Amino acid sequence: MSEQQPENSTPQPRPTLSILAPVYNEEAVLPELYRRVAAIMDSIGETWELILVNDGSRDRSAEVIAGLHRQDPRVKGLSFSRNFGFQIAVTAGLDHAQGDAVILTDADLQDPPELYPEMIAKWREGYDVVYGVRASRVGETWFKEFTAKIFYRLIYRITDVDIPLDTGDFRLMDRRVVNAIRRMPERNRFLRGMVPWVGYRQTGVPYQRQARFAGESKFSSVRQMLPFAIDAITSFSYFPLQMATYFGFLIAAISAVAIVVVIILRLLGPHPLTGQATTLVVVLFLGGVQMISLGIIGEYLGRIYDEVKGRPMYLVDKKWGLEDSNQ
Ligand code: UDP
Ligand code: MG
């Protein structure tokens, strides 16, 4: 994709593990991320690479990645041409990771590298996916915690895949899971659902979700979280579409009863249901329901349009130590 030659082109043997972190304005955390990942991975004697996908950061993240790569060629990275979003950044990372297993983590050290040995041990036991289960969260707002709780439980109820409760994106994936995900071509990607969808043997290990090392959360307001929630639901459930059907049946049943009631009232005496207000309220209510149903169809239709266009998922600007995506 990129014509640029990798800066550090000594051929590296394939590492056993790829640590993958998407990066959006994380200049302050990257050196510390590298330090802690290197410390833990070297202490357990595994071969590894750290892949940093710079998702169009507006700070000096790209320079920091370049610097870390010069210092240690096991740090590799790529920069997008602009911000494509978390899910796509992870996708690009999976396209370039060489390891027999990939550990996906936040760049901000909310997911402690010290958990890797436990995840790797489970992987060696034969699990294909080892996800981190958030036993507790440190330093997050009650709003985020509360909405996360509701969101996971809602998703769990209405989607068709068993998305494990209280898990984020922090997880180890075996090569065959990574390859399976790479075969899923959808543009509206919701990895927290795609990984369980793949199947194989999956398990969780509990951990304490840490506070951010530095910088700010990119997903803290409703405006930032809502599109994510809608993608999650539309990617894995037809329930919103079916709601229109259920509602239609309900209204039809109520009106069938109402017709009989009105006829009887009419036979018993003059002028049952007088006034325009009743009619108006019913019409407005049904108008609202119809608009909402159209909106829901629109959400799905727009996503189908995204898929049909078949645009490339991301465009690469620069690469450090990475070849073109491995097929
Ligand atoms: N991120 C990204 N692209 C974006 C937004 C976020 O690559 O458009 C990265 C970010 O740098 C971090 C990870 O995704 O490594 C998770 O984001 P963040 O930590 O802000 O979210 P939170 O953990 O608060 O939910
Ligand atoms: Mg984070």
Side-chain angles (χ1 to χ4, degrees), residues 18-34 36-37 50-65 68 75-97 102-113 115 131-152 155 163 166-171 187-192 195 207-229 231-232 313-318:
S18 303
I19 321 295
L20 163 60
V23 172
Y24 182 55
N25 299 342
E26 307 280 12
E27 58 178 3
V29 302
L30 294 178
E32 180 66 8
L33 173 71
Y34 163 69
R36 282 189 41 199
V37 167
L50 173 62
I51 298 190
L52 300 171
V53 180
N54 173 27
D55 184 12
S57 296
R58 280 185 293 250
D59 64 358
R60 293 179 36 84
S61 295
E63 285 87 335
V64 177
I65 296 173
L68 288 171
V75 180
K76 301 167 189 178
L78 61 87
S79 262
F80 281 167
S81 61
R82 63 170 171 83
N83 179 259
F84 280 88
F86 171 87
Q87 308 285 335
I88 303 296
V90 172
T91 303
L94 294 179
D95 286 346
H96 291 83
V102 177
I103 297 178
L104 171 60
T105 173
D106 264 19
D108 56 19
L109 289 164
Q110 281 193 290
D111 312 321
L115 197 71
Y131 47 86
V133 181
R134 297 163 176 179
S136 64
R137 293 160 167 250
V138 183
E140 288 202 279
T141 59
W142 70 267
F143 177 73
K144 178 130 192 183
E145 203 159 320
F146 177 71
T147 46
K149 263 222 143 57
I150 303 234
F151 171 70
Y152 282 119
I155 284 283
I163 298 172
D166 297 318
T167 61
D169 290 290
F170 185 29
R171 62 186 81 218
R187 262 100 195 132
N188 288 293
R189 300 174 84 75
F190 177 63
L191 280 151
R192 291 181 194 182
V195 176
Y207 77 107
Q208 315 266 324
R209 183 129 163 113
Q210 305 297 310
R212 238 178 188 279
F213 176 73
E216 300 176 350
S217 170
K218 280 89 200 174
F219 301 99
S220 51
S221 70
V222 173
R223 196 174 56 83
Q224 290 158 321
M225 284 188 286
L226 202 61
F228 173 72
D231 269 346
M313 258 186 259
Y314 55 86
L315 295 173
V316 176
D317 176 25
K318 283 199 184 93

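Atom set for the values below is all heavy atoms of this structure, side chains included, hydrogens, waters and symmetry mates excluded. All ligand and atom numbering here is 1-based and tracks the order in the structure. Being a predicted model, the structure only gives us computed values, none of them experimental. The chain is numbered in sequence order, starting from 1.
Of the possible polar contacts, none joining the Asp55 side chain to the Ala89 backbone as a donor-acceptor pair under 3.5 Å is found. Proximity of a side-chain donor or acceptor of Arg60 to a complementary backbone N or O of Ser57 within less than 3.5 Å is not detected.
Heavy-atom minimum distance, Glu27 versus Ser61: N-OG, 3.2 Å. Closest of all the heavy-atom pairs between Ala97 and Ile51 is CA-CD1, 3.4 Å.
Within the listing of ligand 1, atoms 15 (O) sit less than 4.0 angstrom from a heavy atom of Ala107. Residue contact check: Glu26 has heavy atoms under 4.0 Å from atoms 10 (C), 11 (O), 12 (C), 15 (O) of ligand 1. Within ligand 1, counting atoms from 1 as listed, the ones closer than 4.0 Å to a heavy atom of Gly85 are 3 (N), 8 (O). Taking every non-hydrogen atom of Ser217 and a distance limit under 4.0 Å, the qualifying atoms of ligand 1 come out as 20 (O), 21 (O), 22 (P), 24 (O). Of all the atoms in ligand 1, the ones that sit under 4.0 Å from a non-hydrogen atom of Gln110 are 19 (O), 22 (P), 23 (O), 24 (O). Taking every heavy atom of Asp55 and a limit of under 4.0 angstrom, the matching atoms of ligand 1 come to 2 (C), 3 (N), 4 (C), 7 (O), 8 (O).
At a 4.0 Å heavy-atom cut-off, ligand 1 touches Asn83 through the side chain alone. Within the 4.0 Å heavy-atom criterion, the part of Val23 lying near ligand 1 is the backbone and not the side chain.
Between Ala21, Gly168, Ala89, Pro22, it is Pro22 that holds the heavy atom closest to atom 9 (C) of ligand 1. Considering only non-hydrogen atoms, atom 13 (C) of ligand 1 lies nearest to Asp106 out of Leu33, Asp106, Asp169.
Excluding water, every protein N/O/S atom under 2.8 Å from the Mg ion (ligand 2) is given here by residue and atom: Asp106 OD2, Asp108 OD2, Gln110 OE1.
Heavy-atom separations between Gln87 and ligand 1 are all 4.0 Å or longer.
Annotation: Phe170 is in aromatic contact with Tyr207 [ring centroid separation under 6.0 Å].
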